[in-house]
There are 2 protein chains.
Amino acid sequence: MKLDDLDLKIIDELMKNSRLSMRELARLLNRSAPAISERIKQLESFGIIKGYTIQIDYGKVGYPVCCLFEVTIKGGQYDTFKKYVSNLPQVEFCHRIAGSACFVLKRYFHSLSDVEQFIDEVSPFATTVTHVVFSSVETKPFISL
Amino acid sequence: MKLDDLDLKIIDELMKNSRLSMRELARLLNRSAPAISERIKQLESFGIIKGYTIQIDYGKVGYPVCCLFEVTIKGGQYDTFKKYVSNLPQVEFCHRIAGSACFVLKRYFHSLSDVEQFIDEVSPFATTVTHVVFSSVETKPFISL
DNA sequence: GTTGAAAGACACCATCC
DNA sequence: GGATGGTGTCTTTCAAC
């Protein structure tokens, strides 16, 4: 699918606020509601918009600890690891990467002792390098161009 | 703020679909719409729900390359780096971390040559270790408990 | 926290440009 | 491709309980 300026602007606005109605979106972008509505249906059906979600403060929800892990698989147990990870809660992502490690994984925890437990659980099929997150630099929502 | 089961369920549902109306949410959780509405207002005002956004396929939007960077600041130029990063587009996050590196940053690019350019731009005030993302392991949306 | 009513906003469709 | 107008539905919000 070929995206034009309007599509990108719609994505931009929905990035900032996914609860906008078609009508509000139309007003913001000086179009009619049906025009916007049709674009969004397309964006959804092409899998460009994959979902509508919220951003939460993990700390306030009981997960004050965030870690990034470089994961190196032992003895080719890739599938064991993948299956294990895909059922773990509080995993923001798990990417296969180029470089010395095999995966990078980001996960939220209740406490540091839960981090320790996670590392222990993984240890039969992978070694890990752990990065504890202290804080975050604020970044822009997205796109614009 | 103390969160109870209902709050967590609301967060869970909104994680899966942030466009749910109060009424639909109420139906899903066997409550009345005003009850849900008030909870959400609280969750917002306490900063627990930080925003409503969409998930997009970055590849289909012109950013097929994703990289993670371990960033080590040179000569204490932290503020230079932070300021630079906070105005960069397509940065998913930039975390200050414990360990050998200072930051971990995730960013999307049009091409590998844009990655190269980014590394060059950062080089005056930081050294980088680059991890190119090949693919992702599917993970659960979130929370539940 | 629930219910019920009222007002308003909404999405959708058909039609037309 | 996009705009307009009408219809019926759904929404939120408020008051009373």
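Every chain is numbered from 1, with letters handed out A, B, ... down the list of sequences.
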Counterpart residues, salt bridge (Lys or Arg N to Asp or Glu O under 4.0 Å), relative to B:Asp79 (two or more places apart)
none
Bounds of contact between DNA chain D and chain A, in 5' to 3' order, using a heavy-atom cut-off under 4.0 Å:
D:dG1 to D:dT4
Per the salt bridge (charged side-chain N to carboxylate O under 4.0 Å, His left out) rule, what does the pair list look like for residues 44-63 of chain B, sequence neighbours excluded?
B:Asp57-B:Lys60
Among all residues two or more places apart in sequence or in another chain, which pass the side-chain contact (heavy atoms from CB on, under 4.5 Å) test with A:Lys83?
none
Suppose the criterion is salt bridge (charged side-chain N to carboxylate O under 4.0 Å, His left out): which pairs have a residue in residues 130-139 of chain A, not counting sequence neighbours?
none
Whether each nucleotide of nucleotides 7-14 of chain C has a protein heavy atom under 4.0 Å at its base (B), only at its sugar-phosphate (S) or at neither (-) is summarised, 5' to 3', as ---SSSB-
Quick one: B:Asn30 CG to C:dT3 P, roughly how many Å, whole number?
11 Å
Any residue meeting salt bridge (Lys or Arg N to Asp or Glu O under 4.0 Å) with B:Asp120, in chain and number order, not counting sequence neighbours:
none
Applying a 4.0 Å non-hydrogen cut-off, can you work out what B:Glu38 is touching in the nucleic acid: base, sugar-phosphate, or nothing?
nothing
Among residues at least two apart in sequence or on other chains, which ones pass ring pair (Phe, Tyr, Trp, His ring centres under 6.0 Å) with A:Tyr108?
A:Tyr58
Residues passing the ring pair (Phe, Tyr, Trp, His ring centres under 6.0 Å) test with B:Phe81, sequence neighbours excluded, are B:Phe103
Ring pair (Phe, Tyr, Trp, His ring centres under 6.0 Å) with B:Tyr84: which residues, sequence neighbours excluded?
B:Phe125
Relative to the ring of B:Tyr63, is the ring of B:His110 parallel (under 30°), tilted (30 to 60°) or perpendicular (over 60°)?
parallel
Taking five pairs at each terminus, the helix from C:dG1-D:dC17 to C:dC17-D:dG1 shows an axis bend, to 10°, of 30°
Quiz: residues 29-36 of chain B side-chain donor-acceptor pairs under 3.5 angstrom, not counting sequence neighbours:
none

